[in-house]
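Since the structure comes first, as structure tokens, the remarks are kept for the end.
Chain letters run A, B, ... following the sequence lines, proteins first and then strands; every chain starts at 1.
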Amino acid sequence: MVVICEKPSVAKRIAQALSTHHQNNNYSDKPLDQEQKDQSPASPASSTSFTTIKGMNGQNYIICHALGHLYGLSDSKKGNTKVFPVLDPTWLPLSILKSKGSASKFLSYKIDKILREISEISKNAAGFIHACDYDQEGEVIGYNILEHTCHNKYSISKRAKFSSLTDEEIIQSFNNLLPPNEKLKDAGVSRHMIDFIYGINLSRALTNSIKKESSREKKGYRQLSIGRVQGPTLAFVIEREAEIENHIFEPYWNVRADFLKNNQTIRTQYYPQRIDSKSTAENIINACKNQLGKVTDINIQKTSIKPPIPFSLGDLQKEAYRLFRFTPSYTLSIAEKLYLGALISYPRTSSQKLPSSINYEKIIKAVSKLVDNNLHHNSSYGNKTKSILSYSNISSKLLSNKVLKPNEGKETDPAHPAIYPTGEKPKRNLEDSEIKLLDLIIRRFFSSFGEEATSSQISVTITVKDKFTFKAEEKKIVFEGWIEYYRPYFDVSGFVILDSLSFLKRSDILRNVKIELLEKFTQPPPRYNQSTLLQKMEKEKIGTKATRSEIISTLFKRNYIDNYVPSASNQSVTYNSKIVSKSSPNSSIQKEQINKDEFSGIQRSGLRPTEIGIAIVSSMKKYIPNIVSTSLTRDMEAQLEQVESGNTTSVQVVDKARNQIKEAIQSFNLNESKIGQEISLALEANRTTSPRPTSTAVVTLGTCPVCKSGKLTVKKAIKSKKRFAGCTNYSSAKCLATSSLPQKGIIKSTGKKCEKCSWPIISASGNNQGRRYQWEFCINSQCPLKLSSSNINNQDNSSKQI
DNA sequence: GCAAGGTC
């Protein structure tokens, strides 16, 4: 019997489970190649990609493994990207499709070798068992091998259905083989077809649309792309940017007060914290200043903090970003290296569970023997090194417990447990990034077995004149539990070491010694970073655990998004300017720096759409709106479920996609030159303004027509936050030239002057409910041209849609 | 050259 597995690690596991000779029942995700090298270091190259074993019933099994997909859809009209739509792609071996590029060359070689071997073995096979992951993709992987490599054997093959890799379940599945799940296969093949038909054709259409423009201007080839996952992901970034641009900063006020007792200062906040009117806040201050307050309530609340759950890939990517600022794709690439070095289990997992079959005790013991000296010198530990427990310390603490039971999350995975360390010793020197990530995985694994921590929050209420309520709050850890194991990575912000409130008693009288008004503003949502964008994709269920980070990287590669990092000087100008220093001369209201966390540039920094990214989405919204919303995925999933349940056929579903794309491409072609111009314009804008002007960068619009020596630049009014044009000689030569500017969109200099009044003519562009606009106009509101012709007076009327 | 999906 020929057994087809999806990947080496599973093939090895199945071989162990089925083999009567193997007594080793421990579940291991160690890569097969690694095992083979361990056993026969002299001839790893000549080793075959299959294993022959005798099963318990005397049956011979030849266990083969794939490397994920061995076949991929390909344009049947091959190569000519001007020809589209392509509506009937065919399956071709990936060793042919992937042969270019040195990184994948080795993989191509391996795939080619596997295909040749399976083809040879299948000639004399008594039967075929499809033992790939029991999900849509797994079914397609096995289907293609059985159909194309084994010569049309899918329909006569048997399906082994298992969802965990325990001996028991594997043996059970081989004793109860099922017929192939054709409907699952149909759904999977349809998914490939739909993604190909939409992705390839629209990407070609987009790329083609700018070819004429770029060849006219003798610009080089530029690849554009869009797809079912790329589109919505890019749209998330654009939607967020629009929210930020359209945000209205509404002021509100906080009152902070210090009370004195036994020479100790108690810092408090007025409650409710948010005060919507300044006069109300000032009344509070006037009423409470220098008054006595009484402790009316002391509330101590203990909360348990559960141990962290073991890592799924997404969790690991999130944590590595938080701690080390590793991007998700970088984290995946390091995790893969650790996996190939047999140091951690399979990383492409969505599971947050650790089955007991991995043998907790064995792993904890093995990890305890790992040398962690190098880890202790790790710079990521900073100066916390002294308080950090070694692996062996943690290990003996855990093993002294009666039961070993990890705290698990609710996510599962059809084929793998959560990520855990294997306890193997590294066979080479690890790079810094590998050491960091491995240490994180090890400490997370340990921590998940730890005891619950306990925190205690004390909240003291102080009331002035029986009416005004102030609260002081502090939180501290009273029992560390698992935090001890996760110490270098536990976020201690928000906790104090010693509380300064517990000496207070009910009815204590305190004197107010300081009270101050803080003006704050409602904040727009923060920009996404690579970690939060990935989480958004997880939440919206687009992409897969293994591909999400790659798709974010693609958006960077296409220059659809960029990373905005405000400079330090901009931060101080922009954010500190919001600090309220308004205090009437006679009042003791203090000038106060506002909370750094709330206004730090960190929140502002993040992913922004580029001009070209915005242009792509706005064109797509006009012609193929589905591709930039998650509705295509939703709709497709619903239809594929119908295929899976047999209520519709693959042919119907794929035909529908074909018809939709035919229509879309027709409409696209009719408007091709318009689209091409629009995107080319955005490309141009990207080139000339990189880095793009932002509200914090200095944008010069032209020479000041009033003093003739200064420049008019875009400024932001401190109080109203509105942007306007002002002269650079404002402070030095008291030139008061100003003019109002549109509050939304991007403003650029055109270099032109108004013929009538010689004020600068500027360009403003942006996006209004998905429609791009751009217009040029003289910024002088008193310009004789505007005053004489009322129809240009309204900027919206003079804007031209492009 | 292009999608999204799987993998060493």
Pairing residues for S312(A) by the side chain to side chain donor-acceptor pair (under 3.5 Å) criterion, not counting sequence neighbours: D315(A)

Residue list, side chain to side chain donor-acceptor pair (under 3.5 Å) with R548(A), at least two apart or on another chain: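 With neighbours one apart ignored, the set is empty.
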
OP1, OP2 of [N] versus side-chain N and O of [X]: anything below 4.0 Å?
X       : N      : answer
T547(A) : dA4(B) : no
R558(A) : dA3(B) : yes
R548(A) : dA4(B) : no
Q230(A) : dA3(B) : yes
S203(A) : dA3(B) : no
K7(A)   : dT7(B) : yes
R228(A) : dG5(B) : yes
Y71(A)  : dG5(B) : no

Test side-chain contact (heavy atoms from CB on, under 4.5 Å) applied to P328(A) - qualifying residues, sequence neighbours left out: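 With sequence neighbours excluded, P328(A) shows a side-chain contact (heavy atoms from CB on, under 4.5 Å) to Q317(A), Q530(A), L534(A), S549(A), given in chain and number order.
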
Which residues share a side-chain contact (heavy atoms from CB on, under 4.5 Å) with E120(A), sequence neighbours left out: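 Applying side-chain contact (heavy atoms from CB on, under 4.5 Å) to E120(A) gives K123(A).
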
Touch class at under 4.0 angstrom, heavy-atom based, for G543(A) against every strand present: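 If one applies the 4.0 Å heavy-atom cut-off, G543(A) turns out to touch the sugar-phosphate alone, with no base involved.
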
Candidate nucleotides dT7(B), dA3(B), dC2(B), ranked by approach to the side chain of R204(A) - the nearest: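 Comparing dT7(B), dA3(B), dC2(B) against the side chain of R204(A), the answer is dC2(B).
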
DNA chain B-proximal residues of residues 195-202 of chain A, any heavy atom under 4.0 Å: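 Result for residues 195-202 of chain A: D195(A), F196(A), G199(A), I200(A), sorted by number.
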
is_close_aromatic(F174(A), Y61(A)), centroid dist under 6.0 Å: yes

Proximity of F50(A) and H65(A) rings by center, below 6.0 Å: no

Given DNA chain B, 5'-ward residue of the pair S225(A) and T544(A), judged by closest heavy atom: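 Closest to the 5' end, via its nearest nucleotide, is S225(A).
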
Report, one line per pair, each donor and acceptor closer than 3.5 Å where one atom sits in a side chain of residues 661-668 of chain A; sequence neighbours left out.
none

